[in-house]
A.B. asks: 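One structure, as structure tokens, below. Some questions next.
Here the structure is a predicted model, which means the values were calculated and not measured. Throughout, a chain's letter reflects where its sequence line sits, starting with A, and its residues are numbered from 1.
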Amino acid sequence: DVKVTQSSRYLVKRTGEKVFLECVQDMDHENMFWYRQDPGLGLRLIYFSYDVKMKEKGDIPEGYSVSREKKERFSLILESASTNQTSMYLCASSLAGGGNQPQHFGDGTRLSIL
Amino acid sequence: AQSVTQLGSHVSVSEGALVLLRCNYSSSVPPYLFWYVQYPNKGLQLLLKYTSAATLVKGINGFEAEFKKSETSFHLTKPSAHMSDAAEYFCAVTGQGAQKLVFGQGTRLTINP
């Protein structure tokens with residue numbers, strides 16, 4: 001089974017801090033994704049990466065950046081955390097393909113910005 | 001471009017009753033469609049996917065979904081609900097050649113004893 005591991009289940013940070021969320025997958029997947037999940041809004045894509053050192057903006061990239069130095073690891077960075085970034089963050093990975101590859105998800109990080 | 005609409009943010013059924021969760025999509029290319037389930041404090045787990053083979057797709061835990069191109073729908077059903085089916089369900093769409101999924105808003109399913 002594919003394992004996607006997010007480093008923290010719960011995280012509390014303060015406004016203005018730089019925050020790192022880490023994600024590791026163990027199935028040699030080419031694609032990795034970061035979403036945020038808010039009630040009533042479903043999942044919204046922040047950034048994704050289809051190869052090492054490659055990244056593309058998703059639907060809501062403002063206030064975030066990402067890093068992918070190794071194939072198995074994809075980091076989400078909040079440059080200067082704000083209270084409106086309090087949310088559940090989900091990481092996912094998938095094989096490269098023509099869109100028919102399912103994404104595999106981690107258990108999420110619930111982030112609170114005080 | 002793709003989009004997904006899930007009709008009903010909350011659905012409540014009795015144990016043993018039919019479960020029907022509705023999903024309508026729009027896509028400018030032939031779509032691939034997915035249903036995911038999310039249990040409390042967990043990530044999303046794939047239930048089933050449609051990738052242009054059979055229009056009736058069977059998934060895990062007794063769920064199935066039917067792709068209807070004429071209605072642009074991909075509704076999820078289960079003949080008999082179990083208490084363990086209580087969760088949030090997400091429909092998602094992507095298109096041929098695309099890597100990104102577009103998710104619906106989610107439907108929270110409650111099972112009444």
A.B. asks: Same cluster or not: are Y39(B) and L76(B) linked, directly or through other Ile, Leu, Val, Met, Phe, Trp or Tyr residues, by side-chain heavy atoms under 4.5 angstrom apart?
C.D. replies: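 Yes, Y39(B) connects to L76(B) through the hydrophobic network.
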A.B. asks: With rounding to the nearest 0.5 Å, note down the distance linking CZ in F103(B) to CD in Q37(A).
C.D. replies: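 F103(B) CZ to Q37(A) CD: 9.5 Å, rounded to 0.5 Å.
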A.B. asks: List the atom of K42(B), the atom of R9(A), and the distance in Å for their closest heavy-atom pair.
C.D. replies: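 Result for this residue pair: N-NH2, 4.5 Å.
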A.B. asks: Has the side chain of Y36(B) got a donor or acceptor atom that lies under 3.5 Å from a matching backbone atom of Q103(A)?
C.D. replies: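 Checked: pair present.
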A.B. asks: How far apart are the closest heavy atoms of P102(A) and L46(B), and which atoms are they?
C.D. replies: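 Of all heavy-atom pairs spanning P102(A) and L46(B), the closest is CB-CD2, 3.6 Å.
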A.B. asks: For side chain to side chain contact (heavy atoms under 4.5 Å, CB included), just list the numbers for H104(A) and Q45(B), CA-CA rounded to whole Å, side-chain angles, deciding distance to a tenth of an Å, and then say yes or no.
C.D. replies: CA-CA 7 Å; H104(A) 301 265; Q45(B) 178 184 359; over 6 Å; no
A.B. asks: Should W34(A) and M88(A) be regarded as members of a common hydrophobic cluster, given that ILVMFWY residues are connected when their side-chain heavy atoms come within less than 4.5 Å of each other, either directly or indirectly?
C.D. replies: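 W34(A) does not cluster with M88(A).
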A.B. asks: Side chain, backbone, both or neither: which part of Y35(A) has a heavy atom under 4.5 Å from chain B?
C.D. replies: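 For Y35(A), side-chain heavy atoms alone lie under 4.5 Å from chain B.
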A.B. asks: For R44(A), does the CZ atom have more than 12 heavy-atom neighbours from other residues, nucleotides or ligands under 6.0 Å away?
C.D. replies: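 Atom CZ in R44(A) is crowded, with more than 12 foreign heavy atoms closer than 6.0 Å.
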A.B. asks: Are V24(A) and L76(A) joined in one hydrophobic group, where the rule is that I, L, V, M, F, W and Y side chains link up if heavy atoms are under 4.5 Å apart?
C.D. replies: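 Different clusters: V24(A) never reaches L76(A) through Ile, Leu, Val, Met, Phe, Trp or Tyr contacts under 4.5 Å.
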A.B. asks: Name the region of T51(B), side chain, backbone, both or neither, that has any atom closer than 4.5 Å to a heavy atom of chain A.
C.D. replies: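 Interface part for T51(B): side chain.
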A.B. asks: Given the rule that I, L, V, M, F, W and Y join up when any side-chain heavy atoms are under 4.5 Å apart, are Y32(B) and L44(B) in one cluster?
C.D. replies: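 Y32(B) and L44(B): one cluster.
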A.B. asks: Just verifying a value: how many Å separate L101(B) CG and N31(A) CG, rounded to the nearest 0.5 Å?
C.D. replies: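 One finds 10.5 Å between CG of L101(B) and CG of N31(A).
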A.B. asks: Given a strict heavy-atom distance threshold of 4.5 Å, which part of L43(A) is in contact with chain B: side chain, backbone, both, or neither?
C.D. replies: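 Both the backbone and the side chain of L43(A) come within 4.5 Å of chain B.
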A.B. asks: State the CG-NZ distance between N100(A) and K49(B), to the nearest 0.5 angstrom.
C.D. replies: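 NZ of K49(B) is found 5.5 Å from CG of N100(A).
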A.B. asks: Check whether I60(B) and Y89(B) end up in the same hydrophobic cluster, where Ile, Leu, Val, Met, Phe, Trp and Tyr are linked by side-chain heavy atoms less than 4.5 Å apart.
C.D. replies: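 As far as the 4.5 Å side-chain criterion goes, Y89(B) and I60(B) are connected within one cluster.
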A.B. asks: Can you see which heavy atom on F48(A) is nearest to which on K100(B), and at what distance?
C.D. replies: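 Minimum heavy-atom separation between F48(A) and K100(B): CE2-CD, 3.2 Å.
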A.B. asks: Looking at Y10(A) and N41(B), what are the two nearest heavy atoms and their distance?
C.D. replies: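 Shortest heavy-atom contact: OH-OD1, 3.9 Å.
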